[in-house]
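Have a look at the structure below before the remarks.
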Amino acid sequence: MSNFTEGLNPRQAEAVTAVRGPVLILAGPGSGKTRVITHRIAYLVAERGVKPWRIMAVTFTNKAAREMRERVDALLGEAAHSLTLGTFHAICARILRVDGGAIGVDRNFSIYDDGDQLGLVKRIFSELGVDPKQFNPRAVLGAISRAKNELRDAEEFARAAGSYFEEVVARVYRRYQERLHAENAVDFDDLLTRTVDLFAGSPEVLAKYQQRYEHVLVDEFQDTNVVQYVLVRDLARGHNNLCVVGDPDQSIYRWRSADIRNILNFEQDFPNTKVVLLEQNYRSTGTILEAAQGVISAADGRPEKGLWTENEQGLPVTVFEAQDDEGEAAYVVREIMNGLRSGQRPGDYAVMYRTNAQSRAVEEALVRSGIRYRLIGGTRFYDRREVKDLVAYLRLINNPRDSVSLARAINTPPRGIGAGTLNELSVWASELGVPMYHALQLLLAHDQGAADGALDRPPPLNSRTARPLLRFIMLLNDLIELAQREPVADLLKELLERIDYRRFLLDGGDDGEDRWANAEELVNLASQYDAEALDVARDLDADDEAPKEEVQRTALAAFLEDVALVSDADEVDQRQDAVTLITLHAAKGLEFPVVFILGVEENLLPHVRSLEDPEQMQEERRLFYVGITRARERLHLSHAMRRATWGTSSFNDPSRFLRDIPPAVTTTRSRAEGHVVNRAAALRRQLSAAPTAAIAPAAKGQAGAAFQPGDRVRHAKFGEGIVVNAAPRGEDFEVTVAFKGNFGVKKLLQSFAPLEKVVA
DNA sequence: ATACACGCGCTTTTT
DNA sequence: GCGCGTGTAT
């Protein structure tokens, strides 16, 4: 018996001690998965004599990695530091930083995020003469990303292109990769695919990592994609000490190219796999678990698997039918207020929903009630304009070829370099076949008369347009020079001074103060990095046997890497005592005493975009299952009869998934006293089950008062509908009508004229 | 070059 | 109800 299996159940202990060969741990929600992984690592190190630096553990989010490291620390102490522990993206970024040179990835590469990628695609559109109205740049980028996740490069994509759209994608894809290469940048997907390329193109590099890592662990394996699968397979080839942990029932990232077959076929792909089932749930009450089981066992093609608990049965699951989304939010607030009075803490509560837009109503209600809350998602700190501006400068200092950052920084704050000038510069640079930064250097050299020989002909920029460019390149050169000897925080401070950024923000509008506070916060964060970089260096020294990082990352590079790779989920800090507002996706892996799931409605959960595709429908079901199983003690499900979307109303029936919850474990509540809506909803159902849209015009002095809720009406263009609401609003009169079918609502009613009552 | 006003399409989920 | 691209006035 081992120190690290004490207190574990027999299955868990088995999962901890089965350290040779492939292991598949199928871990239901709340079955102590993280405990098993951390104990397994500790067991390997302390009782099997495996050096920590010979273990790689991959998690889904940085936060999960952090937590895991803390827990391993608690078991092993200092020794745990040399463990390789992180997300696929972070680990691959490190590998590329060290060895990417072998495939032409220079070590100070930039990481292009979603917005950067889209911007690049749009610029390529205009270069190639592709009309963004004809082809959605987002869709094209999506196709490129999907191709990458299936390990299909631009050449192969072009060969296989079977439609005009795909041909366009192929052309953009090719140019896109050329640009990334020229700019020494990789996008999110490239972090993984370029690492695969590296391993394929350089057997020595692959061998190095294979030999180093004797044990590979992957968490959330049900959400890995083909690239990630190939990566771990390659790394573990030879010893095959590959331990994957996951739960097919919690696979919710198919849309991001996750392939559930990775986990379903694992046993076949890796012969002699030891399979361990963790089925005892330690998290939830009996009723919550029964509700979850009801939902998930209705999924088809799923091997029936048990999940049981010794926890008490607990209170029933509440199903609340609200009048509208505000009523739903009011319910949440009411319940939380009651709970707080009887000793619960705000941090005990989480409010979950399918789409980020749903957070708004709850947020407003929470603000009014003064309850502390924290919104996960929304605009990330690093997505704020002012933060992106400053990060663009830092990225440019780190990698001057980064054109995305150059384009952003060059006229921020405005210094007289408009779109025209930038375009001239860009054209000139591509004529010379050099990065824009290089072109700027040539411009400077020419201006100083130092290198007349470097240019056959003078730059095609007159002195008036060139002057601001010259000022910019001199600034940039100064900053690059400064970066060699100053810590990041000081570099940032100097930058803020030099570009007079505070003045720029304060003059920029009434939120200038807030923006400046964010800029200061960024300096703060940067200063922590300067200190942290030193820590890393010290830790590496602690274990003489551990291979030294061949390339010491500078604090600047480390800072930029983390800035690029943080996610929303990483920001969930459960130690903060506040209600958590979070999407169902981001909630994966978390747990709370009390959970609300909002909008359990047709068109929302399952989402309207998944209705056609059975595979996607299954994923919606699993998503609901994930949400339910986050709850420890209480679970509240709610749906609203009317919901504000895009400025108008929509009407959704309760979710089909609710029917799969055994009635015995639920109690239904309704606060929909509003007879108006009740009646309208009932009437609407008569109309047919077709999705409906509504209009909410407000017209002065019109005959709106002639309409009453429940009236059947006919619109000249949109056919039959039902008046849902009719009420004065200020000087106007507002009538809301539910129509069959979906259409662009806003243009609908400038007046009531095309609307007439239908006499039954 | 910049600042602002208008219209359109859209967001499901994110490393 | 927002962000983005486009068009207009300084």
Side-chain angles (χ1 to χ4, degrees), chain A residues 58-65 86-93 111-115 117-119 122 125-126 131-133 136-139 142 145 148-149 186-192 220 223-225 227-228 251-258 352-360 376-380 383 385 411-422 464-465 468 507-509 561-562 564-571 582-588 599 603-611 613 616 619-620 622-624 626-627 644-648 696 742 744-747:
Chain A
V58 190
T59 58
F60 199 70
T61 62
N62 296 300
K63 175 173 172 276
T87 63
F88 273 107
H89 289 82
I91 290 173
C92 287
I111 299 170
Y112 284 0
D113 71 15
D114 199 54
Q117 294 174 46
L118 195 62
K122 284 177 181 168
F125 265 42
S126 74
D131 179 4
K133 290 208 180 78
N136 183 345
R138 262 231 134 72
S145 173
K148 289 184 175 184
N149 283 310
V186 299
D187 65 18
F188 273 139
D189 301 318
D190 282 347
L191 285 170
L192 310 182
E220 307 282 11
D223 284 321
T224 52
N225 62 29
V227 188
Q228 293 162 339
S251 159
I252 54 173
Y253 283 97
R254 199 178 88 95
W255 53 274
R256 217 176 68 191
S257 300
M352 304 181 182
Y353 35 76
R354 178 67 235 266
T355 66
N356 276 308
Q358 287 169 258
S359 65
R360 176 183 246 109
I376 310 300
T379 321
R380 288 165 44 215
D383 278 341
R385 203 187 62 213
N411 202 33
T412 308
R415 47 171 77 86
I417 306 172
T421 309
L422 189 58
R464 199 166 47 84
T465 48
D507 291 349
E561 192 170 298
D562 288 358
L565 297 179
V566 288
S567 71
D568 293 332
D570 297 334
E571 288 163 29
I582 193 168
T583 63
L584 288 165
H585 279 91
K588 191 177 72 162
N603 299 328
L604 213 45
L605 185 64
H607 195 265
V608 66
R609 303 269 281 243
S610 65
L611 299 180
D613 179 351
Q616 285 194 48
E619 183 146 310
E620 296 290 308
R622 294 191 296 260
L623 188 56
F624 188 36
V626 166
T645 33
W646 287 353
T648 76
N742 263 326
V745 181
K746 250 195 278 188
K747 291 176 202 154

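Just so you know, these numbers use all the heavy atoms, side chains as well, and skip hydrogens, waters and symmetry mates. Naming convention: chains lettered A, B, ... in sequence-line order (proteins, then strands); numbering from 1 in each chain.
- The residue among A/Ala419 and A/Glu619 whose nearest nucleotide of DNA chain B is located toward the 5' end is A/Ala419.
- Regarding A/Arg254, its CZ atom lies at a distance of 16 Å from the P atom of B/dT12, rounded to whole Å.
- Comparing B/dT14, B/dT15, B/dT12 by their closest approach to the side chain of A/Thr87 singles out B/dT15.
- Of all nucleotides listed (B/dA3, C/dC2, B/dT15), C/dC2 comes nearest to the side chain of A/Arg360.
- Rounding to the nearest 0.5 angstrom, the gap separating the CG atom in A/Asp131 from the OG atom in A/Ser126 is 11.5 Å.
- A tilted orientation is assigned to the rings of A/Phe60 and A/Tyr253, their planes being inclined by 30° to 60°.
- Where A/Asp189 and A/Gly416 each meet DNA chain B at their nearest nucleotide, the meeting point lying more 5' is that of A/Gly416.
- The NZ-P distance, from A/Lys63 to B/dT14, rounds to 15 Å in whole Å.
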Exercise for review: Given side-chain contact (heavy atoms from CB on, under 4.5 Å), test A/Val58 with A/Ile91 step by step and report yes or no.
Suggested key: CA-CA 8 Å; A/Val58 190; A/Ile91 290 173; 4.1 Å; yes

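- A/Ala90 is linked by a side-chain contact (heavy atoms from CB on, under 4.5 Å) to A/Asn62, A/Thr87, A/Leu565, counting only residues two or more places apart in sequence or in another chain.
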**Study point:** ring-ring contact (aromatic ring centres under 6.0 Å, His included) evaluation trace for A/Trp255 with A/His585
**Key:** CA-CA 12 Å; A/Trp255 53 274; A/His585 279 91; 5.7 Å; yes

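- Rounding to whole angstrom units, CG of residue A/Asp383 and P of B/dT14 are separated by 12 Å.
- Summarising the geometry, the separation between CG on A/Leu118 and C1' on C/dG5 is reported as 12 Å, rounded to the nearest angstrom.
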Point to revise | Dot-bracket pairing map - DNA chain B, Watson-Crick plus G-U, both contacts under 3.5 Å, | cross-strand | key: |||||||||......

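- B/dT12 has its base stacked against the ring of A/His607, the centroids being under 5.5 angstrom apart at an interplanar angle below 30°.
- Rounding to whole angstrom units, CZ of residue A/Phe624 and P of B/dT12 are separated by 20 Å.
- In this structure, A/Trp255 counts as stacked on the base of B/dT13 under the 5.5 Å centre distance and 30° plane angle limits.
- Summarising the geometry, the separation between CG on A/Asp613 and C1' on B/dT12 is reported as 14 Å, rounded to the nearest angstrom.
- Protein atom CG of A/Asp131 is 13 Å distant from nucleotide atom C1' of C/dT6, rounded to whole Å.
- Taking only side-chain nitrogens and oxygens, A/Arg415 never comes nearer than 4.0 Å to OP1 or OP2 of B/dA1.
- For the pair A/Ile252 CD1 and B/dT14 C1', the computed distance is 10 Å after rounding to whole Å.
- A/Phe60 comes within 4.0 angstrom of the backbone, heavy atoms only, and of no base.
- Comparing B/dT11, B/dT13, B/dT2 against the side chain of A/Asn136 picks out B/dT11 as the nearest.
- The line from OG of A/Ser610 to CZ of A/Arg254 is 10.0 Å long, rounded to the nearest 0.5 Å.
- Take A/Asp189 and apply the side-chain contact (heavy atoms from CB on, under 4.5 Å) test, not counting sequence neighbours, and it matches A/Ser145, A/Lys148, A/Asn149, A/Asp187.
- For A/Thr421, the side-chain atoms get nearest to B/dA1 when compared with the rest of B/dA1, B/dT15, C/dC2.
- Of the candidates A/Leu191, A/Thr224, A/Thr59, A/Thr224 is the only one forming a side-chain contact (heavy atoms from CB on, under 4.5 Å) with A/Phe88.
- Residue A/Asn225 places none of its side-chain N or O atoms closer than 4.0 Å to OP1 or OP2 of B/dT15.
- Within the 4.0 Å cut-off from OP1 or OP2 of C/dG5, at least one side-chain nitrogen or oxygen of A/Lys122 is found.
- A distance of about 15 Å separates the P atoms of B/dT13 and C/dC4, rounded to the whole Å.
- Here A/Arg609 reaches the OP1 or OP2 of B/dT12: one of its side-chain N or O atoms lies under 4.0 Å away.
- Residue A/Tyr253 has its side chain nearest to B/dT14 when only B/dT14, B/dT15, C/dC2 are considered.
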Point to revise | CA sep, side-chain torsions, deciding dist, call: A/His89, A/Ile111, side-chain contact (heavy atoms from CB on, under 4.5 Å) | key: CA-CA 11 Å; A/His89 289 82; A/Ile111 299 170; over 6 Å; no

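- Residue A/Asn356 has a polar side-chain atom (N or O) positioned under 4.0 Å from OP1 or OP2 of B/dT14.
- Between B/dT14 and A/Thr583, a contact under 4.0 Å exists linking OP1 or OP2 to a side-chain N or O.
- Backbone-only engagement by A/Asn411 is indicated by non-hydrogen atom pairs under 4.0 Å involving sugar-phosphate atoms exclusively.
- Minimum atom distance to the side chain of A/His585 is reached by B/dT13, of the listed C/dC2, B/dT15, B/dT13.
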